[in-house]
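Fair warning: this is a prediction, and the values are worked out from it, not measured in the lab.
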Number of protein chains: 2
Amino acid sequence: MTAPPHETRPTATGRALPDTQQGMRRRNLARVMHAVSAEGSLSRAAVASRIGLTRAAVSTLVDELIRWGLLEELGPERPSRVGRPGSALAVSGHGPAGIGAEVGVDHLAVCAVDLRGAVRARAVRHGANRGRNPGPVVEELTGLVRRVVADAEREGLWPAGLAVAVPGLVARDGHTVVHAPNLDWHGTDLGALLPTGLPLTVDNEANFGALAELWLGDATPRDFLHVSAEIGIGAAVVVDGQLLRGKRGFAGELGHVPVRPDGPRCACGGRGCLEQYAGEEAVLRAAGLESREDAVGLLARQAGADHEGVRRALHDAGTALGIALTGAVNLLDPESVVLGGALAGLAPWLLPALEAELADRTTGPACPVAVSRLGHEGPLLGAAHSVVRAVLDDPATVAERL
Amino acid sequence: MTAPPHETRPTATGRALPDTQQGMRRRNLARVMHAVSAEGSLSRAAVASRIGLTRAAVSTLVDELIRWGLLEELGPERPSRVGRPGSALAVSGHGPAGIGAEVGVDHLAVCAVDLRGAVRARAVRHGANRGRNPGPVVEELTGLVRRVVADAEREGLWPAGLAVAVPGLVARDGHTVVHAPNLDWHGTDLGALLPTGLPLTVDNEANFGALAELWLGDATPRDFLHVSAEIGIGAAVVVDGQLLRGKRGFAGELGHVPVRPDGPRCACGGRGCLEQYAGEEAVLRAAGLESREDAVGLLARQAGADHEGVRRALHDAGTALGIALTGAVNLLDPESVVLGGALAGLAPWLLPALEAELADRTTGPACPVAVSRLGHEGPLLGAAHSVVRAVLDDPATVAERL
DNA sequence: CTATTTCGTCATCGCGGTTTACAAATTAGT
DNA sequence: ACTAATTTGTAAACCGCGATGACGAAATAG
């Protein structure tokens, strides 16, 4: 052993990456990408003033990004002010694509999103996955991925990575499903089962839904709480534009926040968890309905048709949600709460009780509650966009793949 | 208007500071300071391998830091391995000092901490502050600050800033006390009242207590929940080594998390808040005791003397805390929960019920609950150290003051 | 048609970390 | 004791990257 090259002892105080000129360049490349991406189309000079570098510096950065196929020169802008018009730059529509996938309880979906954020290819397969072994399900998913990748390539895109949204807890390693009760998957390593050659990330659908809200929602703040529900109730905490994952990656388990400490026993071992009052099963039972597929759609239709029992059940669920969210809001002081997933469709009947509870139990102005307009597409889009964001956040990585 | 110099439009996507070479240097200076500070004493070569720069680069950084009086050369190390021994570097004990202050309900305290973390001067004044006007209280505090600053200067230190811990909510501006019920201060701007020439930061004592735990506690993780209580119950959420403050700076209001949604009315407007069960007043009432000064000490003594009513009251408080913390732990998945402030002294009687609730209501291994060993000193030390950390985090700022 | 403004680029510069080389200071081996 | 090997700290030359300043190009204003 002649030379321990780096002594990578991870200091307890956190990683201490060296701050080198290359890193600086990489970050500035990312800034250029983000600036152009945010405005859709921008001249070099405009980018320079946005990110605080000189025109000359931006020019060299842009040259490189164009060479890598991440930016495109659209040609001269229509002159608005005095002076020579700039040459419009836009994020490339023929470069890398993010492949997003979703394993739902009764469907599989895959889509490809380009750097501009446009969905360029998609594939869906309906059919219940609950209780099936992971093997065949993932095999079908792989087929869909291959089709979408082929379609994307036909449009001049190349896949930069694959992100999969699953309805369950995912380990912090980013590819193992620890526990997905609605699929009955436990400790399933998707990394081993998905033989696409693509870099893989797996995450909770609630997390991807929250990211979609952050990136695609109109005027979504950088600090918010995203609540969604399929069968369980999951929340995602976004702090300063970043997902809070927790030590084991289990953060956001809103469904098991105690609402009535002496309430009925829950599968988690506790009593009176939120899920006992606002979970799909609980609401159906309270409404006097049978459990079935598309239960959420049924609830919405019945509530819309003035079904008294359903309305009362949803009202009570809203109350329970309000109590749990009061705790969360007191703890986190977020800028807003966003209802997504199945909750978005039921919002009209949940919101009154929920907001009343929140207003009563909080001093000062209550935390605003918004409804996601992304609906059930959130997790899939969030997954695909997470790959795209990774490219925008560090464009230099794609250069290595040329 | 010849040239809009920077067009500082704060982009919705967050600040986009230009990544310039100067910024790089500043961050590397900070890395050197942190490396030396963490190990106590380190050679240039050791620093270089820790932070991933070359020895030559570190040499120039160290030269500068020594010139600014932030590092000291201690001379040759005792040789342990083969090869020329390094020259030990240490953080200076004669440079800038952080001045911390605490406004308690019945005391004022000020201390000075040097870059090494040692307390070098202190001053305390006992006497109830509850209900007194801010003016005279702050005037007394100013006197203590002046004394401590003078003492510190006599030891060759110079004050780099003042941080004040108060028992109440502080606005995100960092100097206005929005609401301190136990002092009866409301909307008090300490910036205007503290005429020291020093840069001022004001924050909640629970926040400073949590930071003290993070920086001074043994093996405290970077993701934890710090719970403290004086009269109210405050928590501080630390995520990735950073305080989570919330939109208005009100994050961590654990005291008003609903524990029994139909419980007694609370001053906050809600019902059955944690404070109704585990707040000082509530515990005293449940124990059949009168409210008085040093109520916590009284409770601890009585519980230690096997007073049955007190024990039961504390047990019930522990249960309520456990319920509220279950919610918080489910939401945040922290690495641990730390009991600080008054709770630390009462921990022996709170913990059993608290941990039982937490274990019962959580799947998998329960989140570990630790007791702070900093006790009532936490907020004061945290305040002083926050100034010290600011210097370590950006040593270049002190150069401007030479 | 000229003056002015703005854009993109080029050559030059300065700053900052790297590389290479070397002297100094220590241990290991004979 | 003397040599070889190893490690430290520093100095000189180098290279990458953004800043500066100048310039031609392309538009508007008068």
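Here R55(A) lies in heavy-atom contact (under 4.0 Å) with a base. If you check every strand for non-hydrogen atoms under 4.0 Å, A56(B) touches a base. Backbone-only engagement by R44(A) is indicated by non-hydrogen atom pairs under 4.0 Å involving sugar-phosphate atoms exclusively.
Within residues 65-78 of chain B, no residue has any heavy atom under 4.0 Å from DNA chain D.
Ion pair R84(B)/E77(B) not flagged as a salt bridge, since none of the NZ, NE, NH1 or NH2 atoms sits closer than 4.0 Å to an Asp/Glu carboxylate oxygen. Between R373(B) and E213(B) no salt bridge is recorded (no basic side-chain N to carboxylate O distance below 4.0 Å). Using a 4.0 Å cut-off between charged side-chain N and carboxylate O, D114(A) and R120(A) make a salt bridge. Ion pair R27(B)/D19(A) flagged as a salt bridge, since at least one NZ, NE, NH1 or NH2 atom sits closer than 4.0 Å to an Asp/Glu carboxylate oxygen. Salt bridge annotation for R248(A)-E335(B): absent, with no cationic side-chain nitrogen under 4.0 angstrom from a carboxylate oxygen.
A heavy-atom distance below 4.5 Å is not found between the side chains of D223(B) and S336(B).
For the helix from dC1(C)-dG30(D) to dT30(C)-dA1(D), the end axes, each set by the C1' atoms of five terminal pairs, are bent relative to each other by 0° (nearest 10°).
Residue H34(A) holds its NE2 atom at 5.0 Å from CG of L392(A), rounded to the nearest 0.5 Å. Distance check: D240(B) CG to D240(A) CG gives 11.5 Å after rounding to the nearest 0.5 Å.
In the model, R25(A) has no side-chain atom that pairs as donor or acceptor with a side-chain atom of N28(A) under 3.5 Å.
In terms of phosphate contacts, R25(B) brings a side-chain nitrogen or oxygen within less than 4.0 Å of OP1 or OP2 of dG17(C). Between S59(B) and dT10(D) there is a side-chain N or O to OP1 or OP2 distance below 4.0 Å. Look at N28(B) and you'll find a side-chain N or O under 4.0 angstrom from OP1 or OP2 of dG17(C).
Ranking dT27(C), dG16(C), dG8(C) by closeness to the Q21(A) side chain, first place goes to dG16(C). The side chain of A57(A) lies closest to dG18(D) when the candidates are dG18(D), dG16(C), dA26(D). You'll find that the side chain of V82(B) is closest to dA5(D), out of dC17(D), dT8(D), dA5(D). With distances taken from any side-chain atom of R84(B) to the nucleotides dG8(C), dA19(D), dT7(D), the minimum falls on dT7(D).
The distance between atom CZ of R50(B) and atom P of dT8(D), rounded to the nearest whole Å, is 11 Å. With rounding to whole Å, M24(B) atom CE is found 10 Å from dG18(D) atom P. In this structure, the CZ atom of R26(A) is 18 Å from the C1' atom of dG18(D), given to the nearest Å. One interatomic measurement links the two molecules: CD1 of I51(B) to C1' of dG16(C), which rounds to 13 Å at whole-angstrom precision. What separates CG of D19(A) from P of dG16(D) is a distance of 18 Å, to the nearest Å.
DNA chain D is contacted by both T60(A) and P79(A); T60(A) maps to the nucleotide lying nearer its 5′ end (nearest heavy atom per residue). Toward the 5′ end of DNA chain D lies the nearest nucleotide of L61(A), the other residue of the pair S80(A) and L61(A) mapping further downstream. Of the two residues near DNA chain C, T54(B) and P85(B), the one whose nearest nucleotide lies more 5' is T54(B).
Environment of CD in E155(A): crowded, with over 12 heavy atoms of neighbouring residues, nucleotides or ligands closer than 6.0 Å.
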